[in-house]
Amino acid sequence: MSKFYVTTPLYYVNDEPHIGHAYTTILADVLARYYRILGDDVFFLTGTDEHGQKVQEAAERRKMDPQAHVDEYVERFKNLWNKLHIQHDDFIRTTESRHTDRVKELLTSLFERGEIYAAEYEGLYSVSEERFVTEKEVEEGNFREIKKLKERNYFFKMSHYQDALIKHIDENPDFIKPETRKNEILGFLRQDLNDLCISRPKSRLSWGIEIPFDTDYVTYVWFDALMNYITAIGWGSDDEKFNFWWPANYHLIGKDILTTHAVYWSTMLLAAKIPLPKTILAHGWWLSDDTKMSKSLGNVVKPLDLIDEYGVDPVRYFLMRDMVLGSDANFYMDSFVKRYNADLANDYGNLVNRVTMLIHKNFEGKIPESGVYDEVDLGLISMAKTTPQKVRGNIDDLKLHDALENTLAMIREVNKYLETRAPWKLIKEDKSQGSVAATTLAVAADVLRIGSQLLNPVMPERTKVILTILGAHEIPLENTNFDELKAGTSLGEGKSPFPRIDTK
Ligand code: MSP
């Protein structure tokens, strides 16, 4: 038994939840479910980022108090997670006092230790990103509105930790994944790191956590939001809880917020003398026609629309199956339908129907008794014995698409096995217990049972339906040993919950 602490980014509460948010949260949920089944102690954290300029402006537009505005908007995320069957252990909002009090405490302690200092600074400020940017960034990036600002502000001595961070990355090969992203950060760290401006004067922005040692300022949103990963698990308030869960096993994030996590957050932790998370994993983007989805382009796939049309589990499956972690993936409606029909309706669902129908018709709806296994049986059985281990290895390596492919490959093998054996023909000759037909159906049902258990973290609802149809609902999900579905077990009623999507 070990512990597993996984986080998603805190989503901007103003944004309408989209497929990118859903993707990371489902990924975290799949990992959390998988390790929970294996008996680990799991803590899965998500939540919302609720301070900053954009929230303040949105509340003003709606003529609302910002707190009332975020209280209303946070429900959109909570509702979506509910609909997607996300089982998070906590949902943190950056406006909660369990968070804001701790942010103030860290600011005070860093200030007292000289890690935060005040300075007059003149620089280029990006209004959309709400931060000072370098000239190089302006040349490279496309910031919509850049202002020259001269302001007194508070700075965190980020530059001081540059070497320590490089050393940490070098000594901990799993700290930033995948490798390409790690190299990007190491490249970034080859230039001198600036100190980080962590305050905003209230004259410009009031919706934030007040700086405890200078109430004319609020805290920069990123400094505030990043701390959620430790405030939610009791840093500064519940040492026992904090020491149990920290360091996080995974911070799951999109590639656009890697610098804030790998550099800002890591140096904040180094300054606070708190160990760094074990792995920061940056995934790619879901694209629409090779372009990043964005509200302004109007090409955002809305997860809720998809769920309403096709159900939660197929959407979870598609997102996990079609993105190779780390790379971008295109979201095409027709690839969703193709994937669903090929993997879920045909390979998996039809097979379940075929096997259970034959058992109902010929063996009174009870798992038949196997005779002596021959080479064909043993080939499939050996695959059923090795697949759970392969799946586990791929999940530990965050290769969820490969883990799903391992399972589907095993299910496809059951299809081949049935084609080779043709039990529907054999039955006509001999359908006694222990016959080849009986053995074939018993082995096929048990391998399908193992496959369903392996698919359960990705498709929790529909695999439960299938496990019930196979009579296997009482076998613990973690038990993926072959031959657990005993002869004589009564099958449940019903059909596969993956009907074919008509494409005509
Ligand atoms: N609030 C910050 C995170 C603070 S974490 C302490 C933030 N929020 S966000 O709502 O804008 O983005 C959240 C996540 O959604 C990011 O990881 C981002 O990469 C991800 N995605 C946004 N669009 C995406 C796609 N089209 N595809 C996949 N993920 C993308 O940044």
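Both ligands and their constituent atoms are indexed starting at 1 by order of listing.
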### Query
Considering only heavy atoms of Asp49, which atoms of ligand 1 have at least one such atom less than 4.0 Å away?
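Matching atoms, with element in brackets: 1 (N), 2 (C), 4 (C).
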### Message
Out of Ala282, Pro17, Gly20, Ala225, who is nearest to atom 29 (N) of ligand 1 when you count heavy atoms only?
### Response
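Nearest option to atom 29 (N) of ligand 1, by heavy atoms: Gly20.
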### Query
Quick one: does Tyr12 get a heavy atom under 4.0 Å from ligand 1?
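Distance cut 4.0 Å: Tyr12 passes for ligand 1.
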### Task
Scan for side chain to side chain donor-acceptor pair (under 3.5 Å) pairs involving residues 185-196, sequence neighbours excluded, and state none if there are none.
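Only Tyr117-Asp195, Ser159-Asp195 qualify under side chain to side chain donor-acceptor pair (under 3.5 Å).
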### Task
Might you confirm whether atom CD of Glu135 has over 12 heavy atoms from other residues, nucleotides or ligands at distances under 6.0 Å?
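No, the 6.0 Å shell around CD holds no more than 12 heavy atoms from other groups.
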#### Entry: Ring geometry between Trp246 and Phe242 (parallel below 30°, tilted from 30 to 60°, perpendicular above 60°)
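It falls in the parallel class, under 30°.
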### Query
With a 4.0 Å heavy-atom cut-off (strictly under), which part of Tyr23 contacts ligand 1: side chain, backbone, both or neither?
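It is neither; nothing of Tyr23 touches ligand 1.
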### Query
If you count the non-hydrogen atoms of other residues, nucleotides and ligands that lie under 6.0 Å from NZ in Lys278, is the total more than 12?
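More than 12 within 6.0 Å, yes.
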### Message
If you take the nearest heavy atom of each of Trp286, Phe77, Trp222, which one is closest to atom 26 (N) of ligand 1?
### Response
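Checking each option, the heavy atom nearest atom 26 (N) of ligand 1 is found in Trp286.
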#### Entry: Nearest-option assignment for atom 21 (N) of ligand 1, heavy atoms, candidates His51, His18, Lys255
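That would be His18.
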### Task
Check whether any heavy atom of Thr24 sits under 4.0 Å from an atom of ligand 1.
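Distance cut 4.0 Å: Thr24 fails for ligand 1.
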### Message
Using a 4.0 Å cutoff against the non-hydrogen atoms of His283, which atoms of ligand 1 qualify?
### Response
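What qualifies from ligand 1 is 28 (C), 29 (N).
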### Query
Short list, please: which atoms of ligand 1 are under 4.0 Å from a heavy atom of Trp285?
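Here the atoms of ligand 1 in question are 19 (O), 24 (C), 25 (C), 27 (N), 28 (C), 29 (N), 30 (C).
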### Task
Check the pair Val55, Tyr12 against side-chain contact (heavy atoms from CB on, under 4.5 Å), reporting the backbone distance first and the verdict last.
CA-CA 9 Å; Val55 175; Tyr12 286 128; over 6 Å; no
### Query
Among Ile253, Thr8, Leu10, which one has a heavy atom closest to atom 5 (S) of ligand 1?
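Selected option, by shortest heavy-atom distance: Leu10.
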### Query
Which residues satisfy the side chain to side chain contact (heavy atoms under 4.5 Å, CB included) test with Pro212, sequence neighbours excluded?
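Result, side chain to side chain contact (heavy atoms under 4.5 Å, CB included) vs Pro212: Lys104, Leu107, Thr108.
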### Query
Would Arg204 count as a cation-pi partner of Tyr125, with NZ or CZ less than 6.0 Å from the six-membered ring centre and within 45° of the ring normal?
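Cation-pi check for Arg204 and Tyr125: passes.
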### Task
Check ligand 1 against Gly284 and write out every atom of the ligand that is under 4.0 Å from a heavy-atom position of the residue.
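Contacts of ligand 1 toward Gly284, numbered from 1: 28 (C).
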#### Entry: Contact check, Trp265 vs ligand 1, heavy-atom distance below 4.0 Å
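In this structure, Trp265 fails to qualify as a contact of ligand 1 - no heavy atom is under 4.0 Å.
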### Ligand-side contact atoms (ligand 1) for residue partner His261, heavy atom cut-off under 4.0 Å
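Result: 5 (S).
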### Query
Looking at Tyr340 versus Tyr310, is the centre-to-centre ring distance below 6.0 Å?
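Between Tyr340 and Tyr310, the centre distance exceeds or equals 6.0 Å.
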### Any Phe156 side-chain heavy atom under 4.5 Å of Thr267 side chain
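Result yes, sub-4.5 Å side-chain heavy-atom pair found.
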#### Entry: Aromatic ring pairing Trp265/His251, orientation class (parallel under 30°, perpendicular over 60°, tilted between)
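Ring orientation, 0 to 90° scale: tilted.
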### Query
What atoms in ligand 1 come closer than 4.0 Å to a heavy atom of Gly254?
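Near Gly254, meaning under 4.0 Å from one of its heavy atoms, ligand 1 has 17 (O), 19 (O).
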### Task
Find out whether the Lys NZ or Arg CZ of Lys3 is both under 6.0 angstrom from the six-membered ring centre of Trp245 and within 45° of the ring's axis.
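The answer is no; the distance or angle limit is not met.
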### Message
Tell me the contacting part of Asp15 for ligand 1: side chain, backbone, both, or neither, using a 4.0 Å heavy-atom threshold, strictly below.
### Response
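The part of Asp15 near ligand 1 is the side chain, not the backbone.
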### Query
For ligand 1, which atoms have a heavy atom of Asp256 less than 4.0 angstrom away?
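Counting from 1, the qualifying ligand atoms are 18 (C), 19 (O).
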### Task
Check each of Tyr11, Tyr264, Tyr229 against atom 6 (C) of ligand 1 and report the one with the nearest heavy atom.
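Among Tyr11, Tyr264, Tyr229, the closest heavy atom to atom 6 (C) of ligand 1 comes from Tyr229.
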